[in-house]
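Letters A, B, ... are given to chains in the order of the sequence lines, protein chains preceding strands, and every chain is numbered from 1.
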Amino acid sequence: MEISKTYDPSQLEKKWYAYWSEKGYFTPKPDQTRKPFTVLIPPPNVTGALHMGHVLNNTLQDVIVRYHRMCGEPTLWLPGVDHAGIATQNVVEKQLATQDKTRHEIGREELVSLIWKWKAEKGDRIIEQLKQLGCSCDWSRLCFTMDEKLTRAVKEVFVSLYNDGLIYKGKYIINWCPRCVTALANDEVEHADEQGKLWYFRYPHQDGKGFVTIATTRPETMLGDTAVAVNPKDERYKDLIGKQLILPLTDRTIPVIADDYVDTQFGTGCVKVTPAHDPNDFEIGGRHNLQQILVMDEHGVMNENAPEQFRGLDRYACREKILQLMQEQGLLEKTDSHALAVGHCYRCDTVIEPYLSDQWFVRMKPLSEAAIQVVENGGVRFQPERWTKVYMHWMNNIRDWCISRQIWWGHRIPAYYCEACGKMLVAMEMPSSCPDCKHTAFRQDEDVLDTWFSSWLWPFSTMGWPEETDDLKYFLPTSTLITAPEIIYLWVARMIMSTLHFKGMIPFETVLLHGTVRDEQGRKMSKSLGNSPDPIDIIETVGADALRFSMVFSTPKGADVIYTDAILETGRNFANKIWNAYRFIMLNAETIKGLPAKEELQLELADKWIYSRLNEVAAEASAHYLNLRLNDAAQVLFKFIWDEFCSWYIELSKDRLYNVEPDSGPAKAALTDKYILLDVMQSAMRLLHPIMPYITEELWQGIRTHFPMPEESVMIAEFPIADAKLIDQAIADEMAFMQESIVAVRNLRKQVNLPPATEISVHVRLAEARQQSLFNRYESYFRKLAKVSELKAEVGLTKPPASLSAVVRNIEIFLPLSGLIDLNQEKERLTKQLAKLEGELASVQRKLANDSFVSNAKPEVVERERQRLAEVSTKVELTRNQIADLD
RNA sequence: GGGUGCUUAGCUCAGUUGGGAGAGCGCUUGCUUUACACGCAAGUGGUCAGCGGUUCAAGUCCGUUAGCACCCACCA
């Protein structure tokens, strides 16, 4: 059998994914006697291509899903894709633009059908990429937010909330993107600090006596001013209130009004009021019954309500013209620079315009109360816990949610207007006749719903709600939601509200929030910066397992991941290490025929030790997976496999494996060794499978040809359960003693740069008789791992002349090396060591001499210090003697 | 303007009820040792941001200062 020297994932990943898929392992088998484990995928955008953020998010999900599946729980990872309203429409509109067409030219129906066509052709890319990553989603349940099933849920929810008075239509100032020509929710607006300007304008008194100076950052909106406001407490302007001002560049006059909102400290203390173009002014306007004059159209172009000379000008062109005219008329008093946070469209980065329009809203306050409670009483827990505060802050200050969007791709609002009398009806289907005028023609509301209006129903819409399906009954509430903190408001909080309202239960028990993937300079990885490697390239070169392991291994809890090539190497090297351990085991398993029964094994120290460690590690890994401390799970397994299994156990096993007599058949010891190598390796593959599914399956299947196991795949094999009986501290301590001694010998060899191949003899002065048998029995460990040809270990042994020496616990190790030793150098080394030990000794002595320590500290802590004192004193004494011997 | 988090080895970061400072990468030295140079072995490296407090004991708890990051917010 040929096994290549380096691990090559390219073929085997596809092979095993297909195998799992054929076997149907991804689809859970509900068992009413067991609690299921369910994870909802944060649905990627249909336009999405896998990026490093997806890799992190979905790897974490797959790890916990695979762990729970191996624990025998009916496990469902429910996948889906989001229709991503604006983003998707933009993609297709861009394609249209290359043909010099706009959506308005081809019309709504045509555009929507083009988008569906695009979706059919390109929309499953991200799904295929998730499969490459190894995600074990139940693809038979794959959802799309625009599916018939989910669309029905959306309509049902809309109608129900409307009937309950929780959805209303109103004229409000909203965030408007003039490029996308749509309203945006607050969360879809990104603020960026910019150095802007503050212009001071003079508005003349109608009576011709002087003027009032106001400050503005958006001069173009002055054309829609309907008042100037001052603070009623402001002594400077008391007399102004009620006076009329001439609004420059227009033929209008506007009143001076008094409103508490005005900050007397800012600007001049006088504020221009533009109710149709500013949210605060809208509020002021409401209080004072001011006229709302909309001077821009939906593209940010000045409209017919602006004076003629400005009509048709873009908002910024208009601004320039106004500044120029005001300057010419001596009405521009001064210009200051001014830092302000300007809102930008999260999709196209265009500057947002606060804009007065008809929109649909959800009243959130009534929905938020139960959602606050359920987090307060621990029904839903955030991990790390600190995000709870963020959630609470938002929920306690929640505002109504603008859910209408003026685009075409999405769920169309189920509101219908009678063509005859204009009566509005909200219903699942278009009404057949108007209840008021009996007319039969209706037109549907043109707007579609915010994309989040479908994803906030995710926990139950994906399971078939409003039907009472088996899935709903069994899998809801789900177990763990894994997502990024950025969407706590947009998605997580809203799912909690909707699920409580419509199902009367929590959507999930735990929310695990992970960080962002950043580059070496700490910048968020993004397409526009070009700093994000393509995960598919990585998967194709080093494999999904290496990528997954690297991500998990270097993921601090809840903090950001700094992605570098070095991180990726950790995973790649580890995969290669495992591969080669396997290669070694398989080559020997071929040579050594037969496999003993478990009862026939002749276990020695190293064997008992590796089983002891294996069981400890199984317990630790299990706890880490369960507590979502996945980086700890990765760390523990990495250390066990690399340091303990490969560096110590496998190295020790060689002595027994190579001691095979060709004619007389394998020795008992070799058979025992073969058994344990196979057994520990297959267990390790189970432990690691959640993180590295492909390589573990490949190797586990290979091992199975020599070591029969009941399951047919590691993916559905039982996760190892720690056997407490096999965890043996005495064995662990003996092995540690041997390891420390071997390291000491290696260290001494290094002092004089002995070539690795040179064999030497080592003398050990033991302190206790019971150490004798240990060193006699396991002399071979020294032979193999420290190239020791002769080990002489006795109590009271005489120090050989001209030897290097070291202290391990209470024994002394000597390397007789006459002629090779530089006495001064050796003395210097030992003296340095002694200084270190003496420092340690002094600190322990100080502690124990302190009465308050002895009386206040826990007894076991005091006891540990006493033992330490004894150990360190011995070492100090022995080292002192060794130095004295050199003279 | 509010809020949250971070500051530990050269770099990126762990450190779970307070009790002998850790990992990966890097660096130094020596190795083609029949699983692996994507490797082996032995090492170097840290007043745990500063200051103050609680405690027998503080990287860990409290206060404070400084620097950094992110989130939220309508200051014209």
Side-chain angles (χ1 to χ4, degrees), chain A residues 3 5-7 173 186-187 191 198 214-218 221 229 261-263 265-274 278-283 338 340-341 354 384 386-387 389-390 393-394 397 485-486 488-489 516 520 522 542 546 550 553-567 569-588 627 629 631-632 635 638-639 646-647 650-651 654 658 743 746-751 753-757 785-787 840 843-844 847 850-858 860-862 864-865 868 872:
Chain A
I3 303 177
K5 218 170 161 181
T6 48
Y7 173 58
I173 291 269
N186 283 341
D187 338 271
H191 292 272
L198 195 57
I214 56 94
T216 180
T217 53
R218 293 189 298 145
T221 63
Y261 163 77
V262 180
D263 179 352
Q265 303 302 308
F266 190 89
T268 59
C270 298
V271 186
K272 68 193 260 313
V273 183
T274 323
D278 184 277
N280 298 308
D281 296 5
F282 177 81
E283 300 277 328
H338 178 65
L340 68 168
R386 62 188 149 90
W387 293 109
K389 280 189 201 164
V390 176
H393 182 260
W394 191 70
N397 297 285
E486 296 102 86
I488 290 179
Y489 307 146
T516 310
E520 280 168 287
V542 301
S550 293
F553 185 77
S554 55
T555 303
K557 68 169 180 205
D560 293 344
V561 180
I562 307 294
Y563 180 86
T564 63
D565 290 346
I567 282 176
E569 276 181 25
T570 308
R572 182 198 60 171
N573 294 353
F574 187 43
N576 192 243
K577 186 73 182 177
I578 299 166
W579 178 258
N580 275 288
Y582 167 75
R583 184 161 165 255
F584 169 82
I585 293 169
M586 291 301 277
L587 291 174
N588 286 291
N627 298 326
R629 303 195 52 125
N631 55 326
D632 285 343
Q635 185 99 240
F638 182 87
K639 279 192 77 161
C646 291
S647 295
I650 286 186
E651 287 310 315
K654 288 176 180 172
Y658 295 161
V743 168
R746 287 169 172 173
N747 184 315
L748 292 179
R749 294 178 61 112
K750 184 78 183 166
Q751 298 306 321
N753 273 333
L754 264 184
L785 296 185
K787 283 274 188 253
E840 204 180 333
S843 124
V844 181
K847 240 184 200 179
N850 184 342
D851 285 342
S852 26
F853 169 74
V854 179
S855 51
N856 289 328
K858 279 176 277 185
E860 60 265 32
V861 174
V862 178
R864 206 180 324 149
E865 289 301 314
R868 208 175 130 208
V872 178

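- Of the listed nucleotides (C36(B), A35(B), C40(B)), C40(B) has the atom at the smallest distance from the side chain of Ser647(A).
- Of all nucleotides listed (A14(B), A35(B), A41(B)), A41(B) comes nearest to the side chain of Arg746(A).
- Here A35(B) sits opposite no nucleotide as a Watson-Crick or G-U wobble pair (both hydrogen-bonding atom distances under 3.5 Å).
- Base pairing of G18(B) is not made with any nucleotide, judged by Watson-Crick or G-U wobble geometry with both donor-acceptor distances under 3.5 Å.
- Pairing partner, G67(B): C6(B), with both Watson-Crick or wobble hydrogen-bond distances short of 3.5 Å.
- Of the possible donor and acceptor atoms, none in the side chain of Asn576(A) sits under 3.5 Å from a partner among the backbone N and O of Arg572(A).
- The separation of G20(B) from U64(B), taken at their C1' atoms, amounts to 30 Å, rounded to a whole angstrom.
- Base contact: Lys858(A) has a heavy atom under 4.0 Å from a base atom.
- For G26(B), there is no paired base (Watson-Crick or G-U wobble, both distances below 3.5 Å).
- Checking A35(B), C75(B), A42(B) against every side-chain atom of Val743(A), the shortest atom distance belongs to A42(B).
- Among the heavy atoms of the strands, none lies under 4.0 Å from Gly571(A).
- The shortest distance between the side-chain N/O atoms of Arg629(A) and the OP1/OP2 oxygens of G15(B) is below 4.0 Å.
- In the set G19(B), A76(B), A35(B), A35(B) carries the atom at the smallest distance from any side-chain atom of Phe584(A).
- C61(B) is paired with G53(B) under the Watson-Crick or G-U wobble criterion, all donor-acceptor distances under 3.5 Å.
- Across all strands shown, G1(B) forms a Watson-Crick or G-U wobble pair with C72(B), both key distances being under 3.5 Å.
- Distances from the side chain of Asn631(A) to the nucleotides G30(B), A14(B), C40(B) place A14(B) closest.
- Residue-level contact check: Ala581(A) touches the bases, meaning some heavy atom is under 4.0 Å from a base atom.
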